[in-house]
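Just below is one structure, and these are the notes that go with it.
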Number of protein chains: 2
Amino acid sequence: MRRDVFQAIADPKRRAIIALIAVQAMTPNAIAENFNTSRQSISKHLKILSECDLVKQEQQGREIHYSLKIEKLKEVDAWIEQYRQIWESRFDQLDNVLSNLKKDKK
Amino acid sequence: MRRDVFQAIADPKRRAIIALIAVQAMTPNAIAENFNTSRQSISKHLKILSECDLVKQEQQGREIHYSLKIEKLKEVDAWIEQYRQIWESRFDQLDNVLSNLKKDKK
DNA sequence: ATTTTACGAAACCAAATAGTTGCATATATT
DNA sequence: AATATATGCAACTATTTGGTTTCGTAAAAT
């Protein structure tokens with residue numbers, strides 16, 4: 001079973017859950033109320049997010065509050081960073097082309 | 001069938017393919033040589049990447065050269081951006097705490 | 001002209017996934 | 001003590017996925 005951040009964020013419902021619990025810790029029931037899905041389905045997604053180390057749990061009585069381990073998303077940021085550098089350098093190249101054109105005009 | 005960038009980058013082999021063709025356009029066969037998988041399996045991944053609008057093809061004789069549509073990855077960057085803001089602001093808060101501690105020392 | 005090469009497409013398979021239903025358990029509420 | 005609530009877990013199903021095998025086609029090499 002593959003378990004990494006990229007697999008975790010592949011599902012749109014999980015991305016929605018991430019967006020919710022990034023703001024504040026929430027119980028599975030509270031999360032489920034925000035979608036039209038069953039609590040169990042949310043629980044399953046939370047389990048996957050948990051296995052991917054993207055959420056932390058805090059038990060309060062019979063409630064379990066889930067919140068986002070936002071640091072984990074830095075892995076995605078680190079991955080995209082290399083490509084960001086490529087597209088930024090391409091933009092720089094275009095920039096150079098443009099400024100060279102201006103020079104030539106003078 | 002879900003087809004978006006997040007689903008495209010969920011598979012580690014597809015991320016490896018992306019890394020390869022980001023540098024230069026490659027044929028399915030050439031890509032396959034970089035892994036120990038069949039050409040057909042690579043072809044399938046390329047098809048998915050194509051459906052997600054992450055690659056462009058260029059036919060040259062009987063060869064088809066695939067290269068990365070790097071702009072598409074900006075969608076991932078845009079998504080992660082909101083969370084980057086959160087962790088950066090948290091870091092700022094920590095920064096404030098630290099500088100306040102320093103002040104108190106004086 | 002025949003053979004080899006590069007490729008996509010379809011059929012097939014095993015494993016994984018998303019979801020449901022039906023439990024069991026622990027904590028509140030009455 | 002009895003009931004209601006919050007949750008996880010296991011079993012089950014349909015769908016999707018990654019991969020292989022087989023085939024057809026078109027271009028290149030012989």
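Remember, it's a predicted structure, so these values are computed and weren't measured experimentally. Throughout, a chain's letter reflects where its sequence line sits, starting with A, and its residues are numbered from 1.
- Side-chain proximity of B:Thr37 to the nucleotides D:dT20, C:dC7, C:dG19 is greatest for D:dT20.
- Partner A:Arg84 forms a side-chain hydrogen bond (donor to acceptor under 3.5 Å, both in side chains) with one of A:Gln82, A:Glu88, A:Glu81 and no other, that one being A:Glu81.
- Closest to the side chain of A:Ser41, from the set D:dG19, C:dG19, C:dT5, is C:dG19.
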Exercise. Report the C-alpha separation of B:Gln57 and B:Gln59 in whole Å, then their side-chain angles, then the decisive distance to 0.1 Å, and conclude whether the side chain to side chain contact (heavy atoms under 4.5 Å, CB included) test is met.
Key: CA-CA 6 Å; B:Gln57 310 173 23; B:Gln59 185 119 20; over 6 Å; no
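- Regarding B:Gln40, its CD atom lies at a distance of 18 Å from the P atom of C:dC13, rounded to whole Å.
- Closest approach to the B:Arg3 side chain among D:dG18, D:dT17, D:dA6 is made by D:dT17 (side chain taken as heavy atoms from C-beta onward).
- For the pair A:Ile42 CD1 and C:dT20 P, the interatomic distance rounds to 10 Å; values are reported in whole Å.
- In this structure, B:Asn29 atom CG and C:dT5 atom P are separated by 11 Å, rounded to whole Å.
- Taking the nucleotide of DNA chain C with the nearest heavy atom to each of A:Gly61 and A:Arg14, the more 5' of the two is matched to A:Arg14.
- Regarding contacts with the backbone of D:dG8, a side-chain N or O of A:Ser43 is found under 4.0 angstrom from either OP1 or OP2.
- Note: CG (B:Asp11) to C1' (D:dT16) measures 13 Å, nearest angstrom.
- Computed from coordinates, the A:Lys44 NZ to D:dA6 P distance equals 22 Å when rounded to whole Å.
- Atom CD of A:Gln7 is separated from atom C1' of C:dT17 by 9 Å (rounded to the nearest Å).
- Distance alone, capped at 3.5 Å, is enough to place a donor-acceptor pair between the B:Arg14 side chain and the B:Ala8 backbone.
- Taking a cutoff of 4.0 Å between a charged side-chain nitrogen and a carboxylate oxygen, B:Arg15 and A:Asp4 qualify as a salt bridge.
- Between B:His45 and the phosphate of D:dG19, there is a side-chain N or O to OP1/OP2 separation shorter than 4.0 Å.
- Linking ILVMFWY side-chain heavy atoms closer than 4.5 Å, directly or via other members, places B:Leu54 and B:Val76 in a single hydrophobic cluster.
- For the pair B:Arg62 CZ and D:dA28 C1', the interatomic distance rounds to 4 Å; values are reported in whole Å.
- Contact between the side-chain N/O atoms of A:Ser38 and the OP1/OP2 oxygens of C:dT20 is found at a separation under 4.0 Å.
- Put simply, CG on A:Leu46 is 14 Å from C1' on C:dA18, counting in whole angstrom units.
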